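Just below is one structure, and these are the notes that go with it.
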Amino acid sequence: MSDLRKPFPFSEFEPAWQARWEAEKTFHTPGPGDADFDPAKPKYYVLDMFPYPSGAGLHVGHPEGYTATDIIGRYKRMRGFNVLHPMGYDSFGLPAEQYAIKTGQHPAITTAANITTFRRQLKALGFAYDWDRELATTDPEYVRWTQWIFLQLYGSYYCEVDGKAKPVTELEAMGWSREQVDGVRLAYVADTPVWWSPDLGTVLANEEVEEWKAKGHTVERRPLRQWMLRITKYAQRLIDELDALDWPEGIKLLQKNWIGRSEGAIVSFQIVNFTSPIEVFTTRPDTLFGATYMVMAPEHPFVAQITTPVQRTAVADYQKACASKSDMDRGDLNKDKSGVFTGAFAINPVNEVLLPIWIADYVMMSYGTGAIMAVPAHDPRDCEFAQRFELPVVEVVQRSVGATPTLFEVFCDAGIAINSGFLDGLTTAAAKATMIDWLEANHLGRRRIQYKLRDWLFSRQRYWGEPFPIVWKDGHHQAIPESELPLLAPPLDDYKPSGTPEPLLSKAREWVELPDGFLRETNTMPQWAGSCWYYLRYCDPSNTNRFISHQAEAYWTGKGDADRPPAPSATGMVDLYVGGTEHAVLHLLYARFWHKVLFDLGHVSTPEPFQKLVNQGLILGEDGQKMSKSRGNVVNPDDVVSEYGADALRLYEMFMGPLEQVKPWIMQGVEGVSRFLAKVWRLACEEHDGEWRLSPKIQDVPCTDKDLLRVLNDTIKRVGEEIESLKFNTAISFMMTCTKAFTALDVVPLKEFTQFLTVLNPFAPHLTEEIHQRLGGSTMLSEAAWPIYNPAALVRHEVEIIIQVNGKLRDRLLLAKDADEATATAAALACPKVRDHTDAKTIRKIVYIQGKLLNIVA
RNA sequence: GCCGCCGUGGCGGAAUGGUAGACGCUGCGGAUUUAAAAUCCGUUGACUUCACGGUCGUGGGGGUUCGAGUCCCCCCGGCGGUACCA
């Protein structure tokens, strides 16, 4: 499209305004310590999930959330808030390194190039960021503080008494040995079975496995020495403290399910001819009388010792089969139950019944104790296994007293205990409590709360991540001094994974080997490390003494404002966080965990990072499918900007539908909002021989048109309300209606039109600034105050009343706003359309809603 | 399986328990134009009626209510997450 054909000259004025905002630092956000900082001004912190700067550039999904937060941020500025609305890059990560493997190009170079592209694309959309606060997780100064926070974790333990993290120096002062201290650190080393991917050359967190498998990489289970973070200590707090957050219930539930709290009991079983008891975890201690066998995970350490000589070969074969199967997709291929008898027997502590002990891969070593008591009558998995191997079934719960047994169906609900000795007749809840009391009294077991959440596997063997600030000597690890931070990775010539779990950094011998026999830790941190705390760094991005100053932290959490204390329920720092659902259990759980540790150690003053969370919905391609290169349905924001302009892109992203909803991209929809913007433009400008000149219709005269004033004031009111509740699509529709009202006028009053432009400004900042300037505005609309609507202009004296008969619309009447029921009824019964439906009937009831509706029940 | 989200015109979507379909797109008709683009005006749920109007209509079935897209119960369909967690 040539410029002449464009409905308004966005390609001229959009870059000009962007340049001016940048040059004048219009969106500079003053913080504590800045000359222009006003501590009395209330803060508003609105945050986007920062992008991973991939080589593909910005996707139209990015500007969806970014525009929403931009509108809120600009609106809050107009309402007098000191708005923090920053942007940065989550720039560590595998793709840059995969590219380095192919080309030998250092990941830092690729990453810098990608960031340049992203920055250009973001700037072309006119977002009101304070670019002085821009950060990348790969910046050495950023890495420095990521490593510093790791050292806080390394230097802390979780004190069960106080229920919070404390420095390990307290334990050392109490005379704890080095081994004892290392055993409780929040960051610790463990030999544990982990997910290892040979072709990625790294181990992965539980949470990441699915994602990479879906991308076609292989993943297998291996025992390796790894750094772990003790997130499990925070399991309960991570559940409980969700309550005070203003998050979608679905996301809270997702996190709760991921943490997976279950209440139950540990039960000890003596083993025939074996000294140590075997412990099992069960959520149904009330069904102990119904246990008919026991199952241990194939990897359980006791298996070899209890197996009888006769069964030894079969057990060993099965163990081997499970170990090799673990690199396959065990879930899909192994739905059928399998297992082997060990030859050993356990003794049921409640009735001395001998239970055969089996091993089976449906029992996981990594959950509970790695062993279960099997109650086939009341657990579908145990039932399936029992049927497969013809093991006995004993029913110990029934639906109600005297109920007939339900054959062929496993009864898992709560009911009444039967065949259970001292539990008989008790409800399931009471039977659980009674059994646990009995077990505790007889030292055969104890109450136990078990979580699915595992400790966070925190080390990676890749190059493009933060190195651990740790050195080793004589098999012991220790922190390097803070003065040596940031510890940056040395350049390498070869980034190829070796195929062994030996970290890439170990190739840099000179970097690894230090004087006095010290060796550097060669693992690197996962990409999550940087995204765990970036929202804190935005508050004080260039601080060289701390990761965030106390003053900045206090101000941006809202604690530093004596006149405006935070709402009692507010426990999070960021007022509004917008991003995709894909981070429901990964980033959002990790960041909460880090924040809580920093809170416990006194570095931040709120227990939670993000007060309000909103998930924007995925944008699909025009075909209703997920956008992907292979489908060829990807929309590039650059193309949309060059054809329709940044304002049209912004507006369309918001007009498509509710922010949180999944919705397809429709190019004709972009044209629709572009037409709307052109209408606004033509209200102020007329074309003469390819030149745009000010329209003579715009005149600085008082407005006497009551209809226009009503529509305009209604628009001001409602657009403000809709922005507050993130309903941008309807906000835009109100502005469209308002534009129609202006279009109908012969004379457009300047003052009222400027109010309208101010309301539209957060959505279409370039267009509105340009028109405002052409109309003689000397200041920027971006710095204007949000207009105050006039309630008097909204008042109507006569209103249309809906007349219904038996709930069906029959007529409408224009009545005084405050007409009483008698007046309204009389008027309604005078209508022929109403009488058609009431005449032959007696009126039984009248429902009258003043100013709205009258329903005659006949 | 389990958990969560969602079902409204040709399409994206609006509707504090009170006019279903705002706003936009598309289609159709018209104005303007030599013509087109752009722009402007009208129209656009289905059925029915010459017309005024009427009947039906928010995935399906029940219920609560003067009144239900909205609240309650059951069912069907789609999307997303998760999967032997004892």
Side-chain angles (χ1 to χ4, degrees), chain A residues 1 4-7 210 248-254 256-258 260-262 264 280-284 287 295 297 330-332 334-337 360-364 366-375 378-382 384-385 450-454 581-582 584-585 615 617-618 620 622 624 626 651-652 655-658 660-673 675-676 678-679 682 687 727 729-737 739-740 743 800-812 833 836 844-849 852-858:
Chain A
M1 214 193 284
L4 279 174
R5 299 290 284 276
K6 283 176 180 163
E210 280 311 313
E249 285 306 316
I251 300 293
K252 288 190 186 182
L253 207 64
L254 228 48
K256 282 184 191 169
N257 292 343
W258 188 266
R261 178 192 154 109
S262 349
V280 305
F281 171 69
T282 178
T283 53
R284 293 297 300 273
T287 61
V295 186
R330 189 157 136 174
D332 290 344
N334 193 30
K335 278 296 176 192
D336 287 335
K337 292 283 179 291
D361 66 358
Y362 83 94
V363 173
M364 249 48 55
S366 50
Y367 181 75
T369 61
I372 63 156
M373 63 180 218
V375 185
H378 305 289
D379 181 287
R381 297 150 303 178
D382 296 345
E384 200 189 321
F385 191 83
Q450 182 71 41
Y451 300 92
K452 277 200 277 187
L453 186 71
R454 316 285 153 83
T581 343
E582 66 273 19
V585 283
N615 292 119
L618 198 66
L620 306 173
E622 296 220 40
K626 213 167 172 172
L651 218 66
Y652 177 64
F655 190 60
M656 289 172 82
E660 288 158 275
Q661 192 167 300
V662 179
K663 43 211 178 285
W665 184 274
I666 299 167
M667 219 32 115
Q668 276 167 336
V670 186
E671 287 184 30
V673 293
R675 272 201 281 269
F676 160 64
K679 271 178 214 173
R682 285 195 311 270
E687 195 186 354
K727 290 162 77 179
N729 54 334
T730 46
I732 293 167
S733 75
F734 291 134
M735 291 188 284
M736 287 171 165
T737 307
T739 303
K740 256 187 211 164
T743 311
E800 195 180 67
I801 303 289
I802 304 310
I803 311 300
Q804 295 180 333
V805 178
N806 292 335
K808 290 201 171 167
L809 174 74
R810 295 300 173 189
D811 208 349
R812 321 149 194 251
K833 288 180 196 167
D836 286 350
R844 296 207 308 263
K845 191 174 175 182
I846 301 281
V847 179
Y848 180 55
I849 312 286
K852 272 214 133 157
L853 158 150
L854 182 89
N855 187 14
I856 299 163
V857 185

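Within every chain, numbering begins at 1; the chains are lettered A, B, ... in the order of the sequence lines, protein sequences first and strands thereafter. Given the structure is predicted, the values throughout are model-derived calculations rather than measurements.
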Can you tell me how far [atom1] in [N] sits from the matching atom in [M], rounded to whole Å?
| N | M | atom1 | result |
| --- | --- | --- | --- |
| C2(B) | A83(B) | C1' | 8 Å |
| C3(B) | G54(B) | P | 47 Å |
| G4(B) | A86(B) | C1' | 24 Å |
| U70(B) | U64(B) | P | 15 Å |
| U65(B) | G17(B) | C1' | 9 Å |

For the pair [X] (side chain) and [Y] (backbone), establish whether a donor and an acceptor sit closer than 3.5 Å, ignoring hydrogens and angles.
| X | Y | result |
| --- | --- | --- |
| Lys663(A) | Pro658(A) | yes |
| Tyr451(A) | Trp258(A) | no |
| Asn855(A) | Gly807(A) | yes |
| Asp382(A) | Val375(A) | yes |

task: Please step through side-chain contact (heavy atoms from CB on, under 4.5 Å) for the pair Tyr652(A) and Glu671(A), ending with a clear verdict.
output: CA-CA 9 Å; Tyr652(A) 177 64; Glu671(A) 287 184 30; over 6 Å; no
query: Where along nucleotides 40-52 of chain B does protein come under 4.0 Å, by heavy atom, of base (B) or sugar-phosphate alone (S), with - for untouched nucleotides?
result: S------------
field: Sequence-aligned protein contact record of nucleotides 10-19 of chain B, with B where the base is within under 4.0 Å of a protein heavy atom and S where only the sugar-phosphate is
entry: -SBSSSB-BB
Check every strand shown and say whether [X] touches a base, only sugar-phosphate, or nothing at a heavy-atom separation below 4.0 Å.
| X | result |
| --- | --- |
| Arg261(A) | nothing |
| Gly672(A) | sugar-phosphate |
| Lys740(A) | sugar-phosphate |

field: Residue whose closest nucleotide on RNA chain B lies nearer the 5' end, Glu249(A) versus Lys626(A)
entry: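 It is Glu249(A) whose nearest nucleotide is closer to the 5' end.
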query: Considering heavy-atom distances to RNA chain B, does Val673(A) or Ile372(A) have its closest nucleotide positioned more toward the 5' end?
result: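 Its nucleotide being nearer the 5' end, the pick is Val673(A).
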Between [N] atom [atom2] and [X] atom [atom1], what is the distance in whole Å?
| X | N | atom1 | atom2 | answer |
| --- | --- | --- | --- | --- |
| Glu671(A) | A38(B) | CD | C1' | 12 Å |
| Leu254(A) | A83(B) | CG | P | 11 Å |
| Phe385(A) | A86(B) | CZ | P | 18 Å |
| Met373(A) | A86(B) | CE | P | 12 Å |
| Ile251(A) | C3(B) | CD1 | C1' | 13 Å |
| His378(A) | C84(B) | NE2 | C1' | 19 Å |
| Leu253(A) | A83(B) | CG | P | 15 Å |
| Lys252(A) | C5(B) | NZ | P | 13 Å |

query: Where is the tightest heavy-atom contact between Ile732(A) and Leu651(A), given as atom of each residue plus distance?
result: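 Shortest heavy-atom separation between Ile732(A) and Leu651(A) comes out as CD1-O, 3.6 Å.
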task: Might you work through the side-chain contact (heavy atoms from CB on, under 4.5 Å) test for Leu620(A) and Val662(A), ending with a clear yes or no?
output: CA-CA 7 Å; Leu620(A) 306 173; Val662(A) 179; 3.7 Å; yes
- prompt: From Gln804(A) CD over to Leu853(A) CG, what is the distance, rounded to the nearest 0.5 angstrom?
  reply: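 Rounded to the nearest 0.5 Å, the CD-CG separation comes out at 4.5 Å.
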query: Quick one: CG on Leu854(A) to CG on Asp811(A), what's the gap to the nearest 0.5 Å?
result: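 One finds 11.0 Å between CG of Leu854(A) and CG of Asp811(A).
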message: Check the orientation of Tyr362(A) and Phe385(A). Use parallel for under 30°, tilted for 30 to 60°, and perpendicular for over 60°.
response: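 Judged by the thresholds at 30° and 60°, the geometry between Tyr362(A) and Phe385(A) is tilted.
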message: Checking understanding here: a glycosidic angle within 90° of 0 is syn, the rest anti, so what is G12(B)?
response: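 It is anti.
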Greater than 12 external heavy atoms within 6.0 Å of Lys256(A)'s NZ: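 Buried by this count: over 12 neighbours within 6.0 Å.
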[X] has a side chain; which of [options] sits nearest to it?
| X | options | answer |
| --- | --- | --- |
| Lys808(A) | C56(B), A86(B), G4(B) | C56(B) |
| Lys337(A) | C3(B), C84(B), A86(B) | C84(B) |
| Ser733(A) | C3(B), C84(B), A22(B) | A22(B) |

query: Would you say Thr581(A) reaches G81(B)'s phosphate, i.e. side-chain N/O to OP1/OP2 under 4.0 Å?
result: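 No, because none of the side-chain N or O atoms of Thr581(A) sits under 4.0 Å from OP1 or OP2 of G81(B).
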